[in-house]
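Accompanying notes for the structure given below.
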Amino acid sequence: VQLVESGGGLVQAGASLRLSCAASGSTFSINAMGWYRQAPGKQRDLVATITSRGGSTNYADSVKGRFTISRDNAKNTMYLQMNSLKPEDTAVYYCHAYPPHSWGQGTQVTVSS
C-alpha cells in the first residue's frame with residue numbers, strides 16, 4: 001500500500017486546513033486508517049483514526065471538536081478537516097494504514113500565532 005499526503009501549509013491561528021491521503025496498491029487489504037503527527041523533538045502521536053467499513057472514528061483529546069476524519073472509499077482517499085487551528089497543532093502530519101502497516105511521507109502544517 002502506498003500513501004501520499006497533501007494539503008499542508010502555513011496558516012494563522014484560527015484558520016482551517018484539509019489534509020488528504022491518497023492510497024494506492026493493495027487497498028482492498030486496508031482495515032483502518034489514521035492520521036498521526038510529529039512536532040520537532042517530540043514523538044509521533046495519534047491524531048485520529050477511522051475504520052474501513054464501519055466508519056468508526058477515534059480522536060486524540062487535543063483535537064476533539066476541532067478536527068474531523070473521513071474517508072471516501074470510492075476514491076481510496078482519507079481526509080482530515082482541521083478547524084480552529086492552534087500553534088500547538090504545528091507538526092508534520094502522517095497518514096497511516098493497516099494492514100499492512102504503511103506510512104506516507106508526511107505533510108507539514110505550520111500554525112502561526
Side-chain angles (χ1 to χ4, degrees):
V1 175
Q2 293 77 47
L3 305 172
V4 178
E5 302 99 333
S6 61
L10 169 63
V11 296
Q12 291 188 330
S16 297
L17 279 175
R18 189 177 81 156
L19 305 182
S20 298
C21 172
S24 61
S26 301
T27 57
F28 60 87
S29 69
I30 297 175
N31 181 34
M33 298 185 74
W35 291 96
Y36 290 72
R37 67 186 182 186
Q38 187 168 19
K42 295 188 176 181
Q43 67 182 17
R44 190 173 297 187
D45 291 327
L46 172 70
V47 175
T49 60
I50 186 167
T51 57
S52 175
R53 290 164 178 71
S56 177
T57 59
N58 180 55
Y59 295 92
D61 288 343
S62 59
V63 306
K64 282 181 181 177
R66 299 189 298 122
F67 291 9
T68 302
I69 190 171
S70 62
R71 61 187 297 168
D72 184 336
N73 289 333
K75 296 182 178 179
N76 290 322
T77 301
M78 176 179 65
Y79 304 97
L80 185 68
Q81 178 66 43
M82 305 185 294
N83 298 329
S84 303
L85 283 162
K86 303 176 181 180
E88 51 264 43
D89 294 318
T90 295
V92 178
Y93 283 70
Y94 296 91
C95 174
H96 175 261
Y98 172 84
H101 284 293
S102 304
W103 292 95
Q105 82 288 353
T107 185
Q108 177 71 46
V109 172
T110 303
V111 185
S112 63
S113 58

What closest approach, in Å, do [X] and [Y] show between heavy atoms, and which atom pair accounts for it?
{"X": "Leu3", "Y": "Ala97", "result": "CD1-N, 3.7 Å"}
{"X": "Ala48", "Y": "Leu80", "result": "CB-CD1, 4.4 Å"}
{"X": "Ala39", "Y": "Ala91", "result": "N-CB, 3.8 Å"}
{"X": "Ala13", "Y": "Ser113", "result": "CB-CA, 4.4 Å"}
{"X": "Ser29", "Y": "Val1", "result": "OG-CG2, 4.1 Å"}
{"X": "Ser16", "Y": "Ser84", "result": "OG-N, 4.3 Å"}

Polar side-chain atom of Glu5 near backbone of Ser20 as donor-acceptor pair, under 3.5 Å: no
Ile50 backbone acceptor or donor facing Thr57 side chain under 3.5 Å: no
Aromatic plane relationship, Tyr98 with His101 - under 30° parallel, 30 to 60° tilted, over 60° perpendicular: tilted
So [Y] and [X], do their side chains get closer than 4.5 Å, heavy atoms only?
{"X": "Asn58", "Y": "Leu46", "value": "yes"}
{"X": "Met82", "Y": "Val109", "value": "yes"}
{"X": "Arg18", "Y": "Thr68", "value": "no"}
{"X": "Cys95", "Y": "Met78", "value": "yes"}
{"X": "Leu19", "Y": "Thr107", "value": "yes"}
{"X": "Val11", "Y": "Ser112", "value": "no"}

Distance under 6.0 Å and angle within 45° of ring axis: Arg44 vs Tyr94: yes
Between OH on residue Tyr93 and OG on residue Ser6, distance to nearest 0.5 Å: 15.0 Å
CZ on Phe28 to CG on Asn73, rounded to 0.5 Å: 14.5 Å
Working for side-chain contact (heavy atoms from CB on, under 4.5 Å), residues Asn83 and Leu17: CA-CA 7 Å; Asn83 298 329; Leu17 279 175; over 6 Å; no
Derivation and outcome, side-chain contact (heavy atoms from CB on, under 4.5 Å), residues Val63 and Arg37: CA-CA 12 Å; Val63 306; Arg37 67 186 182 186; 4.0 Å; yes
All pairs passing salt bridge (Lys or Arg N to Asp or Glu O under 4.0 Å) where residues 66-84 contributes a residue, at least two apart: Arg66-Asp89
Steps toward side-chain contact (heavy atoms from CB on, under 4.5 Å) verdict (Met33, Ile69): CA-CA 10 Å; Met33 298 185 74; Ile69 190 171; over 6 Å; no
ring-ring contact (aromatic ring centres under 6.0 Å, His included) contacts touching residues 58-80 (sequence neighbours left out): none
Between Thr90 and Glu88: side-chain donor-acceptor atoms closer than 3.5 Å: no
